Structures are given as C-alpha cells and as structure tokens.
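Presented below is the structure to which this report refers.
These numbers come from a predicted model, not from an experiment. Here is how names work: the chains are called A, B, and so on, in the same order as the sequence lines, proteins then strands, and each is numbered from 1.
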Protein chains: 2
Amino acid sequence: MTARKLTRNQQLVLDRLADSSAALTAYDLLDRLRDEGLRAPVQVYRALEALGQQGLVHRIESLNAFVACCGHDPHAAAGFAICDNCGEVTEFAFPASEEGLKSLAGAKGFETRRMTVELHGRCATCAER
Amino acid sequence: MTARKLTRNQQLVLDRLADSSAALTAYDLLDRLRDEGLRAPVQVYRALEALGQQGLVHRIESLNAFVACCGHDPHAAAGFAICDNCGEVTEFAFPASEEGLKSLAGAKGFETRRMTVELHGRCATCAER
DNA sequence: TCACGAACGTTATATCATTACGTCCTTAAT
DNA sequence: ATTAAGGACGTAATGATATAACGTTCGTGA
Ligand SMILES: [Zn+2]
Ligand SMILES: [Zn+2]
Ligand SMILES: [Zn+2]
Ligand SMILES: [Zn+2]
C-alpha cells in the first residue's frame, strides 16, 4: 500500500516539492509546471491529494502550502519548523511531546486522531543576524 | 496595553465568537452580523485582526476559522482540541510539551517565536459513540 | 476650532480550493 | 478481439477565504 506507482502529474508535483526547501502553494506549483503542460489548479490539487494519502507530502496549514515528506514514521505525527525570514521548512518528529499532547487531551476525554504542529520563527542561518 | 476598549465591530465579532463552541469563519461571522449592519468581509477581518493583536481571539489554521480566547497566559502558547464530528473547539495550555518542542527545534538552531498546535479527533461526547 | 490618527464603509481584486462533466486509458473478464 | 469498469485526465466554471485601495467619519487633545 505504501509503494504505489505515481502518475505523471503526481511525480511532477512531488519532484518540484522535493526540489524546494520552502513550502509551495498549489498555484506556485502550477506556475512551475506550465512548461510540462499543466493548465489548471485542479490538476495540482488532485496530485497533492493522492500524494498526501500516500504520506509523500504534507500540508502546512499556517501557510496554505505544501512540502515533500522527508520520510518519517507513518504512525508518528510530523512537526514543522518554519523560518518566517527565508521560508525554509524543516520536518521533525517529537515523540515525547506528541505523547504529552495526546495524554493531556485524553485526560479530558478527547480522542486524538491527527495533529498539526507548526513552529514559526528563525532558522539557524537567519537567527544569526 | 491589554485592556483596550473595543470598538462596536470588534465587540460584535467577539460576542459571536464567545457564543459559539465551534470555530467560525470570517464569512460565518459576517452572515451572523448582517442584521447589525455589517456588509463586507473586510469589516470582519479588521475586527479579527485587532482582537487577535489583543489576544482575545485565536485563528485555527487547520480550519481557516476563529475562536474566542478562553483566557490564557499571554506568554504561553495555546493549543486546540477540535472535534471533527461536532465542531467543538477547546483551548488548552501545554507547558511541558511547549518547552519540549522549543528545545527540540532549538537544538538545531531554530528560534521559535510562535507555534500552532491543533489536535483533530473526537470530543468526549462524540467519542462515546 | 482645528489637526491628527483610528476606525469605518464601499468596492474591487487577489488568493486558495472544489464541483461538474465528458474523454481517454488501463486492465481484466468474456 | 470485445467490452465493461475504474481511474486519471483536461477543461471550464464556481465557491471560499483574504486583502488592497480609496475616501469619509469620528474621537481626542492641542
Ligand atoms: Zn513526513
Ligand atoms: Zn531562514
Ligand atoms: Zn487563548
Ligand atoms: Zn464532538
């Protein structure tokens, strides 16, 4: 189930995301794929949907944009550190905090199915000055 | 700085949010405020902007919607448990996990300025069946 | 009274995302 | 080989979320 063959459009979208250290919006992707023949937003959104299902891309909710997955445990949540200066997005795992958050919510009866964790700030390079 | 007097539009928006256990979009709010004379999205967005500055409302990134703040420590991050069945949103603090996340990112040189933490799942009521 | 800044209202526009519909292609049963 | 079914596709239209631009009104204090 994990290793489905990608369609042409899915591969094109994934490649562009993998090439970028910043998150790209669907329309950013569309612009970069005009030369490949893509014409309409829905083509990009369909590819993103399929790639998301397979865990190959993530949506960054606070940016309405997307990144390629760096390859994490599919059963664990993904966190993102987002530099508001240069745009760089870094994916990370946070097993201890993930458990902490689930427990905290669980104590009030909440059953967590997925979580969004996005840190905004300055990356190592941009923080130096 | 914390206790500014609210304008009429700001108070109207805040009241509607405070009345709702679910997050409301700007357009939800606009619909509910037509009778009060509001006509355009920008009026709602301006009020939301000002209320956000004052820490009285929060944006739920994964819903493109807004909730009233339940009154938390302004220096701490706010987390949200969102029931995908009934829409109820509950704000919570998570000091231990907050520190954990900051440290984790900080270890790689990332300087965290704000964070988005949103749990999706089932509230206590909806989880029972 | 006047100058200033904050908030306002109106309109238009930008940005992000989905629905609807018909076509083409692969695959597998006949 | 024929054909039915499903999946992916392309095109067009639309829906949903958010901001820009502009001039006016209002409150406040010099
Ligand atoms: Zn990942
Ligand atoms: Zn940076
Ligand atoms: Zn709060
Ligand atoms: Zn519920």
Without hydrogens or angle criteria, can the side chains of B:Thr112 and A:His120 be said to hold a donor-acceptor pair below 3.5 Å? no

A:Leu17, A:Val13, A:Leu24 screened by side-chain contact (heavy atoms from CB on, under 4.5 Å) with A:Phe66, the one that passes: A:Leu17

Looking only at the side chain of A:Thr7 (C-beta and beyond, no hydrogens), which of the listed nucleotides D:dA8, C:dG9, D:dG10 gets closest? D:dA8

Length of the line joining [X]:[atom1] and [N]:[atom2], which is rounded to integer Å:
| X | N | atom1 | atom2 | value |
| --- | --- | --- | --- | --- |
| A:Gln43 | C:dA17 | CD | C1' | 14 Å |
| B:Gln11 | C:dA7 | CD | C1' | 15 Å |
| B:Leu29 | D:dA18 | CG | C1' | 14 Å |
| A:Leu30 | C:dT18 | CG | C1' | 15 Å |
| A:Asn9 | D:dT11 | CG | P | 11 Å |
| B:Arg8 | D:dT25 | CZ | P | 18 Å |
| B:Leu48 | D:dT19 | CG | C1' | 13 Å |
| A:Leu24 | C:dA17 | CG | C1' | 17 Å |

Verify same cluster id: A:Leu12, A:Val42 (apolar side-chain graph, 4.5 Å): no

Students often mix this up, so state it plainly: with edges at 30° and 60°, are the rings of B:His58 and B:His72 parallel, tilted or perpendicular? tilted

Atom of B:Ser62, atom of A:Glu61 and distance for their closest heavy-atom approach: CA-OE1, 3.6 Å

For nucleotides 12-16 of chain C, list the nitrogen or oxygen atoms of the protein found under 3.5 Å from its nitrogen or oxygen atoms, one pair per line.
none

Run the salt-bridge test on B:Glu36 and B:Arg34 with the 4.0 Å N-O cut-off and return the result as yes or no. no

Looking only at N and O atoms, is any donor in the side chain of A:Arg46 or the base of D:dG7 less than 3.5 Å from an acceptor on the other one? no

